[in-house]
2 protein chains.
Amino acid sequence: MSEDFLIEMGYAGLTGRLKRLSDAFMYQTRDFYREHDSEIEPNWHMIFLLLQKNETMTVTEIADALQLSHPAIVKLINKMKKRGYINSNLDPKDNRRYNLVLSQKAKKELPVLEAYWEAGNKALEEMLEHNTLLLEQLEQLEARMAEADFKTRMDKLLINE
Amino acid sequence: MSEDFLIEMGYAGLTGRLKRLSDAFMYQTRDFYREHDSEIEPNWHMIFLLLQKNETMTVTEIADALQLSHPAIVKLINKMKKRGYINSNLDPKDNRRYNLVLSQKAKKELPVLEAYWEAGNKALEEMLEHNTLLLEQLEQLEARMAEADFKTRMDKLLINE
DNA sequence: TCTAAATATGTAACTGGTTACACAAATGTA
DNA sequence: TACATTTGTGTAACCAGTTACATATTTAGA
């Protein structure tokens, strides 16, 4: 008897396995930060990197860059603001927008965080056995999803059944 | 400028991409069922398949087979019971256990559901271009995760930094 | 110039996972 | 046989995403 029914399910188990894996990464990353007495949370990483690269961005720009919904970003940013990692300034030219920047506190902590992230990258490389096959396969799947999403394809294939 | 910062991030973007993809599959599957006026929810699929294969199972057995926590299964099963898709009988030999089986209603709907699942499988095969490379790569990653989890590896690699 | 449409942000309700805890029943052992 | 341990189920509080809706500001066009 197989140990893992989702794997046994083949194609049909894919979705569940993606969820299970991403959850596992998330919870373990959270534990890692906690055990290192860091206030940082798992997916602040991508916000930090974006704001390092671009200096200042708005909620909508971040949502676009990460391809997440804007309420997801609002929640993330609010927590980072509350903890003092992000400053938000009303745009003087457009009073709808808030320009978000990393705070001094965030910048001061960056060296420590970068050591963590470097360890994370190395751990991932190790787990992927230093090749990018999985990343490439994922990128193809993302591209297929962008061309025609899963639901559209299901509908089409159901009609022709 | 890249369209998708998570892809640009390389290894570090992997977790977010897994989450994004699995969420997309989940929401689209949910929409598919809704538009076909089905009461079924996305991950009931795996429960149906398990109970077809094994006739009767307990919460704990299902949790083991799917490698999810037992409270996750309790929630799923409760909803399926409420909608009348699962019957639960106290085990006469062990009064802690409830033997779960598909209800008559569930069995009656199976042909329709199987048509949906077949469409889903075909759609996934199409998106994976009829090869199992992604599934194999995922299985390797799952195996690495089982050998030594992400957090353990991060800790080890941080110390040697 | 006035107003309709588009854009930026924020809020509410929902979903499907998690860990931590509680408790009853069964099992194993002194 | 009694009691400690293990096992099965259930509940509570939390988390990170979603869609749908609300509101304010800016932009565009008659």
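In the text below, chain A, chain B and the rest are named by the order of the sequence lines, each starting its count at 1.
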Check ion pair [X]-[Y] (N to O, under 4.0 angstrom):
X      : Y      : answer
A:E35  : A:R30  : no
A:D94  : A:R96  : yes
B:R144 : B:D149 : no
B:R153 : A:E125 : no

Under 4.0 Å from any atom of DNA chain D, heavy atoms only: list the residues of residues 13-23 of chain B that qualify, in numerical order.
B:K19, B:D23
Near DNA chain D, which residues from residues 91-99 of chain B have a heavy atom under 4.0 Å away?
B:R96, B:R97, B:Y98
Among C:dG10, C:dG16, C:dG17, the one nearest any side-chain atom of B:L68 is C:dG17
Given D:dG17, D:dT11, C:dG17, which nucleotide is nearest the side-chain atoms of B:L76?
C:dG17
Over how many whole Å does the gap from [X] atom [atom1] to [N] atom [atom2] extend?
X     : N      : atom1 : atom2 : value
B:I62 : D:dG10 : CD1   : C1'   : 15 Å
B:Y27 : D:dA20 : OH    : P     : 12 Å
B:N43 : D:dT18 : CG    : C1'   : 15 Å
A:N78 : D:dG17 : CG    : P     : 14 Å
B:D31 : D:dG17 : CG    : P     : 19 Å
B:R30 : C:dA13 : CZ    : C1'   : 12 Å
B:K75 : D:dA13 : NZ    : C1'   : 10 Å
B:M80 : C:dG16 : CE    : C1'   : 15 Å

So which one's nearest nucleotide on DNA chain D is more toward 5', A:R34 or A:I73?
A:R34
Of B:W117, B:Y33, B:Y85, B:Y116, the one forming a ring-ring contact (aromatic ring centres under 6.0 Å, His included) with B:W44 is B:Y85
Flag side-chain contact, heavy atom, 4.5 Å: B:E126 against A:L157:
yes
Measuring only between side-chain heavy atoms, which start at C-beta, is A:L90 closer than 4.5 Å to A:N95?
yes
For a quick check under 3.5 Å, do A:H70 and A:D64 share a side-chain donor-acceptor pair by atom type?
no
Strictly by modelled atom types, are B:E114 and B:Q52 linked by a side-chain donor-acceptor pair under 3.5 Å?
yes
N/O (side chain, [X]) to phosphate O (OP1/OP2, [N]) under 4.0 Å:
X     : N      : answer
A:T60 : C:dT7  : no
A:S69 : D:dG17 : no
B:K79 : C:dG16 : yes

Got a donor-acceptor pair under 3.5 Å from the side chain of B:H70 to the base of D:dG8?
no
Checking A:K75, A:K79, A:R34 against A:E41 for salt bridge (charged side-chain N to carboxylate O under 4.0 Å, His left out), the one that qualifies is A:K79
